[in-house]
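The structure appears below as structure tokens.
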Amino acid sequence: MSSTILALLIGSASVVAADIQTIQSAVTAFQTIGTLRRETPINGDAIAAAYAGDLQTLTQEIDTTNSLKLDSDILAAIEEIKSNNEPSLAGQVIDKTLQRVFYQSFFNRITTIRDLFDSSTSEELIRILDETEAVFQAVSGTAARANEVLSADRQSIEEGSNPGLDIQITESLGRIRTALNKTNPDEDFATVAVERYVTRMSLARAYYIGVLREVRGLIENRNSDLITARIQLKEGEIFYRIIESLVSRDNPTGNALIKTQLAGNVADVVADEIVSELSKGFIGRVKGEMNGQAESIGVDRVQAMAEASGTAAFAKILLPDLELRLGAEVRGNLETALSDLQTASSENSVPNSAVARDAITRILDSYEAELNLVKYSATTEAALIDNAVASFKTIGELRAETTINGAAIEAAYAGELQQLTQLVDQTYATSIDADVSAAIESVKAGNEIPFSLQIIDKSLQRVFALVVYNRTTLVIENFDGLSTDELALEWDRANSAYSAIAGTAGRVNKVLTEDKQTLQDGSNPDLDDQITLAFVQGREALSNLNEDDRLNVAIARENIVVPLARSFLIGVLREIEGIIASRDTDATEAREKQIEGEFFYRIVESLIAPDNPAGNNLIKTQLTGDLANVVANEIVIEISKGIIGQVNRNISIIESTFGIDRNQALVASERVSLYINIFLPDLELRLGTLERVKVQNALQDLREASETDDVSKALTAGSTLTGIIAAYENELI
């Protein structure tokens, strides 16, 4: 295989991509593991032996190509089996994670064929197709399953007709093989471009069906066979990881809901909600492909054909549920419009394409209106906060202007925004109004305008963060003493305040570079979506009609307050990165970043100071002193030490309330998870990915143990967590 193919296929010519012999050997090992995990007891050593070698090589290839960490997930699950920690669940993690390996390998190779069609020989391309077909053999059984659809009453899932996805994929691969002979290169390339969507989306649909199949099973079993239901929940969780990116792009909050249900309590899984959120995500992909078709039609016929194929492929996933909600006639109309779009693309017809797209869009909009989607619905007015938020956004626009108008900023601040700031000052004995007013005066006077603008922005963000904290805390502390309407008003006020700072919560993580000299982008923790979902779920529980409503509000509050604090800590680290990048070349820019970091840190200082007062002082000294003294590793270390104190405090709460006060234990276990997630990326950097996976598994075990009063499971999870955290603390020097 050429080095060009290798580079596209695996992203690095220094790593050898798996050839067909390696893949066939990996498939055999996967099948062996399938047999081993069904034995009683499960032999972890035998699974480890089967995994080592070509199957692990293929997994590591996918990790390298797609920036994943599946190898560590598998190794951690093997360790769970060896230690007899719920081996059946661990077996499902291994199976579904390995299916993801083959799924992603299939996706990568099909795309490589399309990308290299013009530059590679037929022989080279057919070799990659042979590998693709070999990969597919590992997961063809999953593709052969019957459809799973929402029941008529929308309370459960039931088996539908068999779409024959395995046959569709096999036939599509056959058409690709014929096209790779390049007897008519232009049309053959069009065939490959179209069939790429057919094969990939047919396989994605198989895993969509897989998620729903496990949802059906857990709903059927959760009241009669909890062990089986929990195994099926775990299967659904890992299956969903395979297709998550196809949903999260256009439905991030719904993605958060699906993950929460599939990693939570079997009693909380709602079939209609999961199907609806999946559908909203795929609606976005249908529209995305249509937008691509609209841009290509009349300009690039092959690309328009490919985008039309993608439109149809994504839409087919939705058809059964669309028929349930809108009827067979509407489904037929959509199928006709999809076919018309493909025909218009082949004919390169701009007007016919527009007609088909309009018809598809109208139907999808009607369908989306019928879905049971997560959304926040305020029922009370929060005029003071709403107006304050509007003024804050106006100030944001004024700060972005080329010529800064200090008088306009002053006018925007006066009124409800200043009133809210003063109320916060009175409540928390802060001096935010004085800071903001002084900064506005500096802007008006033309003094250090960039610095003053940052003080205004970050100080006002602190106001809204404190309002969120104050109102959500008031709700939980007065849950039994206030009426539902009174609770709803306070929750709506908190949600309104959050809308001002949601952008800060939507940023990617910041993590130390490998040499620990500066910071860089990490993954997106999706804190904004987590917070939005928590607001929705908390509000739904304000009725206090169900036994667990108070608990659900308390957990929702933690999922608002802690992730919001984490977003400001990320903001601190973002500014540290900027300081280090600019201090030797642009001292003014670096000083502005330092001020941003200083005022961001003021928002979350109370999270660090109680358990790490010396570290808190070090951070503040670096954020106010000489730019040359700012050390990324030291600040990260001191933040982690402070958060570890919060973790230890809540572990103590769990120990003192376990088996005595289930609700307190559950809330404390939720806090432990949320706090650990703040430093988990740094723990992974210092201890390795495998330790990170062990922590995540232990956190899930701890929550489940708290729900069921499983002392043995709780002790095991607690021991794992304390041991790894102790090892992490030893690295914080």
Side-chain angles (χ1 to χ4, degrees), residues 381-471 493-507 528 564 567-568 570-572 574-575 578-579 582 586-605 623-624:
E381 290 188 6
L384 172 65
I385 296 177
D386 289 342
N387 292 335
V389 170
S391 296
F392 174 69
K393 292 180 178 178
T394 298
I395 290 174
E397 294 168 359
L398 292 169
R399 289 194 309 112
E401 292 181 352
T402 303
T403 302
I404 303 300
N405 187 333
I409 292 176
E410 183 178 46
Y413 179 58
E416 287 91 342
L417 181 52
Q418 188 169 24
Q419 291 174 36
L420 185 64
T421 303
Q422 291 168 343
L423 285 171
V424 167
D425 280 345
Q426 292 170 18
T427 303
Y428 292 101
T430 51
S431 58
I432 302 174
D433 179 47
D435 291 339
V436 173
S437 297
I440 290 174
E441 289 301 317
S442 291
V443 172
K444 289 168 62 181
N447 295 328
E448 297 186 321
I449 291 176
F451 302 162
S452 298
L453 291 176
Q454 293 302 338
I455 292 172
I456 293 168
D457 178 59
K458 273 52 182 184
S459 296
L460 291 175
Q461 288 201 48
R462 185 182 182 189
V463 169
F464 291 110
L466 286 170
V467 172
V468 171
Y469 174 84
N470 182 270
R471 296 296 90 185
R493 285 172 171 167
N495 184 68
S496 178
Y498 169 66
S499 68
I501 50 180
T504 297
R507 303 295 186 88
D528 51 340
L564 189 56
S567 73
F568 288 110
I570 291 171
V572 173
R574 188 167 63 247
E575 306 313 328
I579 293 168
S582 302
D586 189 341
T588 301
E589 174 74 11
R591 175 60 182 145
E592 183 179 345
K593 297 294 183 184
Q594 188 181 39
I595 289 172
E596 289 186 83
E598 175 193 352
F599 279 82
F600 261 140
Y601 186 68
R602 289 186 185 185
I603 301 173
V604 289
E605 178 182 353
L623 291 175
T624 56

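One-based numbering along the sequence shown.
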TODO: Kindly check if the number of other-residue, nucleotide or ligand heavy atoms within 6.0 Å of CD (Gln418) is above 12?
DONE: yes
TODO: Inspect the surroundings of CD in Glu381 and state if more than 12 heavy atoms from other residues, nucleotides or ligands are less than 6.0 Å away.
DONE: no
Task: Test item: Val436 and Val463 side chains (from C-beta on) under 4.5 Å apart, heavy atoms - done: no
Task: Any side-chain heavy-atom pair of Ser496 and Val389 under 4.5 Å - done: yes
Which distance, rounded to the nearest 0.5 Å, do you find between the [atom1] of [X] and the [atom2] of [Y]?
X: Ser459; Y: Phe464; atom1: OG; atom2: CZ; result: 12.0 Å
X: Glu596; Y: Phe451; atom1: CD; atom2: CZ; result: 10.5 Å
X: Asp386; Y: Asn495; atom1: CG; atom2: CG; result: 9.5 Å
X: Ile385; Y: Leu417; atom1: CD1; atom2: CG; result: 11.5 Å

Tell me if a side-chain donor or acceptor on [X] pairs with a main-chain N or O of [Y] at a distance below 3.5 Å.
X: Asp528; Y: Ala502; result: no
X: Ser567; Y: Leu564; result: yes
X: Asn387; Y: Ala383; result: yes

- [ ] Taking all non-hydrogen atoms of both residues into account, name the closest pair between Val443 and Ser452 and its distance.
- [x] CG2-CB, 3.6 Å
- [ ] Can you see which heavy atom on Val468 is nearest to which on Tyr498, and at what distance?
- [x] CG2-N, 3.6 Å
Open item on the list: Under 4.0 Å between a side-chain nitrogen and a carboxylate oxygen: does that hold for Asp435 and Arg602?
Closed with: yes
Open item on the list: Against Gln454, only a single residue in Lys593, Glu598, Gln594, Glu592 fulfils side-chain hydrogen bond (donor to acceptor under 3.5 Å, both in side chains); can you say which?
Closed with: Glu592
Show the atom names and distances, to 0.1 Å, of all donor-acceptor pairs under 3.5 Å that link a side chain in residues 399-414 to residues at least two apart or in another chain.
residue	atom	partner	partner atom	Å
Arg399	NH2	Asp457	OD1	3.4
Asn405	OD1	Ala407	N	3.1
Asn405	OD1	Ala408	N	3.0
Glu410	OE1	Lys444	NZ	2.9
Glu410	OE2	Lys444	NZ	3.1
Tyr413	OH	Asp433	OD1	2.5

